[in-house]
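To start, the structure under review is shown below, and the notes come after it.
If you read the sequence from its start, that first residue is 1, and numbering goes on from there. All ligand and atom numbering here is 1-based and tracks the order in the structure.
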Amino acid sequence: MIKFEQVSKTYPGGFQALNQVSFHVEPGEMAFLTGHSGAGKSTLLKLIGMMERPTAGRVLINGHDLRRVTAKQIPYVRRDIGMIFQDHRLLMDKTVLDNVALPLLIEGYSMQEARKRVQASLEKVGLGDKLKHYPMMLSGGEQQRVGIARAVVNKPPLLLADEPTGNLDPKLSAEIIKLFEDFNRVGVSVLIATHDLGLIARLRYRTLSLRDGRMINDGLQEA
Ligand code: ADP
Ligand code: ADP
């Protein structure tokens with residue numbers, strides 16, 4: 001699903017955020033990506049999401065060699081990827097329905113067609129009754145759930161999350177991780193970047209660790 005071969009990323013200005021990183025994530029796998037702030041986690045996710053391009057090495061996503069993906073093809077390859085951010089990035093002046101429908105409308109669905117899938121997606125995250133709410137009327141945990149509903153509404157085979165529990169307390173964080181487990185159980189590949197070691201210590205998932213742009217560990221976190 002995700003394959004990195006000797007991938008390096010140097011930003012304009014000369015800072016090397018990733019240094020010869022190699023790993024792969026199988027279809028249907030769920031894994032965590034850890035490392036201190038500045039270790040390169042966001043950069044790694046941005047390479048997968050094609051918000052940044054590698055300086056060297058090869059990235060393959062769901063069979064696509066990203067070197068061969070032209071700017072015009074990026075939106076098509078991105079449809080395979082649901083992205084979730086720490087700050088959820090909801091449009092605050094739009095209802096929950098409009099926020100979650102957005103990826104479908106971009107794909108060319110009519111609102112009428114989209115609505116059913118939005119409803120189903122919101123039910124999966126436990127917010128089936130919040131269609132007409134505005135994000136401001138929701139708690140932080142609920143807002144993050146809306147962000148997840150938006151990421152999964154077009155049923156991508158891969159979910160990427162960048163510090164999805166960063167603003168949440170441990171109980172709400174555990175609930176959010178449970179949601180990712182639900183999607184993983186039905187076959188979705190999941191990669192979650194977090195510096196919250198306490199969160200992953202309680203779970204038995206593969207953990208990829210970055211330090212100063214290098215992959216230093218790829219395996220189960222020691223209990
Ligand atoms: P993490 O997500 O682990 O905190 P990041 O990938 O965000 O790490 O950042 C890794 C390093 O790359 C940091 O030192 C950061 O300042 C730097 N960096 C990130 N984005 C850019 C950019 N667009 N230009 C220059 N440096 C950047
Ligand atoms: P995120 O939490 O998504 O990694 P950041 O707060 O690290 O976001 O960065 C916000 C934006 O600024 C991103 O587009 C990132 O690439 C860019 N950025 C981060 N660090 C630097 C840096 N040292 N120099 C220039 N741009 C940076």
Side-chain angles (χ1 to χ4, degrees), residues 1-25 29-61 64 66-67 69-71 74-75 77-78 80-90 140 143-144 147-148 150-151 156 158-170 172-173 176-177 179-180 184 189-203 205-222:
M1 180 56 60
I2 304 172
K3 193 169 197 316
F4 272 53
E5 292 173 356
Q6 301 281 314
V7 174
S8 297
K9 173 66 184 178
T10 301
Y11 281 109
F15 187 85
Q16 185 167 22
L18 291 177
N19 190 343
Q20 303 206 348
V21 170
S22 299
F23 71 97
H24 65 273
V25 173
E29 192 174 353
M30 173 152 153
F32 284 87
L33 176 66
T34 68
H36 58 79
S37 178
K41 303 182 295 297
S42 289
T43 299
L44 191 153
L45 296 185
K46 283 174 187 166
L47 293 180
I48 299 172
M50 291 161 283
M51 289 90 100
E52 294 284 354
R53 294 277 186 162
T55 318
R58 193 153 86 121
V59 179
L60 291 129
I61 302 300
H64 300 281
L66 298 193
R67 278 189 307 206
V69 175
T70 62
I74 286 177
V77 179
R78 269 199 197 133
D80 286 348
I81 308 171
M83 287 186 228
I84 292 131
F85 307 94
Q86 171 168 1
D87 56 3
H88 57 68
R89 303 195 187 172
L90 300 177
Q143 290 176 357
Q144 190 55 287
I148 293 171
R150 182 184 55 188
L158 174 61
L159 285 182
L160 298 180
D162 196 354
E163 302 284 357
T165 62
N167 294 326
L168 304 176
D169 67 33
L172 287 174
S173 297
I176 293 292
I177 297 299
L179 280 180
F180 287 117
N184 178 242
S189 309
V190 183
L191 183 62
I192 302 171
T194 179
H195 59 252
D196 184 354
L197 292 173
L199 181 72
I200 57 179
R202 292 188 291 276
L203 305 159
Y205 284 104
R206 179 173 168 212
T207 303
L208 302 157
S209 308
L210 284 171
R211 183 195 288 154
D212 298 333
R214 288 179 186 276
M215 190 68 80
I216 55 162
N217 183 39
D218 177 357
L220 277 173
Q221 188 80 359
E222 294 302 318

**Report entry** Contact check: Phe15 vs ligand 1, nitrogen or oxygen atoms, below 3.5 angstrom
**Finding:** no
Query raised in the report: Would a 4.5 Å heavy-atom cut-off, applied to side chains only, mark Leu210 and Ile216 as touching?
Result: no
Requested in this report: Mark yes or no for whether Arg150, through its side chain, and His88, through its backbone, hold a donor-acceptor pair below 3.5 Å.
Outcome: yes
Query - Sidechain N-carboxylate O distance under 4.0 Å for Glu5, Arg58 - result: yes
Report task. Answer with yes or no whether Ser37 contacts ligand 1, where contact means a heavy atom under 4.0 Å from a ligand atom. Result -> yes
Query raised in the report: N/O to N/O below 3.5 Å, does that happen between Lys46 and ligand 1?
Result: no
Query raised in the report: What atoms in ligand 1 come closer than 4.0 Å to a heavy atom of Thr43?
Result: 5 (P), 6 (O), 9 (O)
Run the side-chain donor-acceptor check on residues 13-22: report pairs under 3.5 Å with partners two or more places apart or on a different chain.
from	atom 1	to	atom 2	distance (Å)
Gln16	NE2	Leu18	O	3.2
Ser22	OG	Gln6	N	2.8

Report task. May I ask you to check whether Gln86 and Asp162 show a side-chain donor-acceptor distance below 3.5 Å? Result -> no
Query raised in the report: Which atoms of ligand 1 have any heavy atom of Gly40 under 4.0 Å away?
Result: 1 (P), 3 (O), 5 (P), 6 (O), 8 (O), 10 (C)
Report summary line: Counting from 1 in the order shown, the ligand 1 atoms closer than 4.0 Å to a non-hydrogen atom of Lys41 are 1 (P), 2 (O), 3 (O), 4 (O), 6 (O), 8 (O)
Query raised in the report: Do the non-hydrogen side-chain atoms of Met50 and Leu66 ever get within less than 4.5 Å of each other?
Result: yes
Requested in this report: Work out whether the distance between some heavy atom of Gly35 and some atom of ligand 1 is less than 4.0 Å.
Outcome: no
Query raised in the report: With atoms numbered from 1 as shown, which atoms in ligand 1 lie under 4.0 angstrom from a non-hydrogen atom of Ala17?
Result: 12 (O)
Report task. Using salt bridge (Lys or Arg N to Asp or Glu O under 4.0 Å) as the criterion, list what pairs up with Asp87, not counting sequence neighbours. Result -> Arg89
Report task. Give the numbers and elements of all ligand 1 atoms closer than 4.0 Å to a heavy atom of His36. Result -> 3 (O)
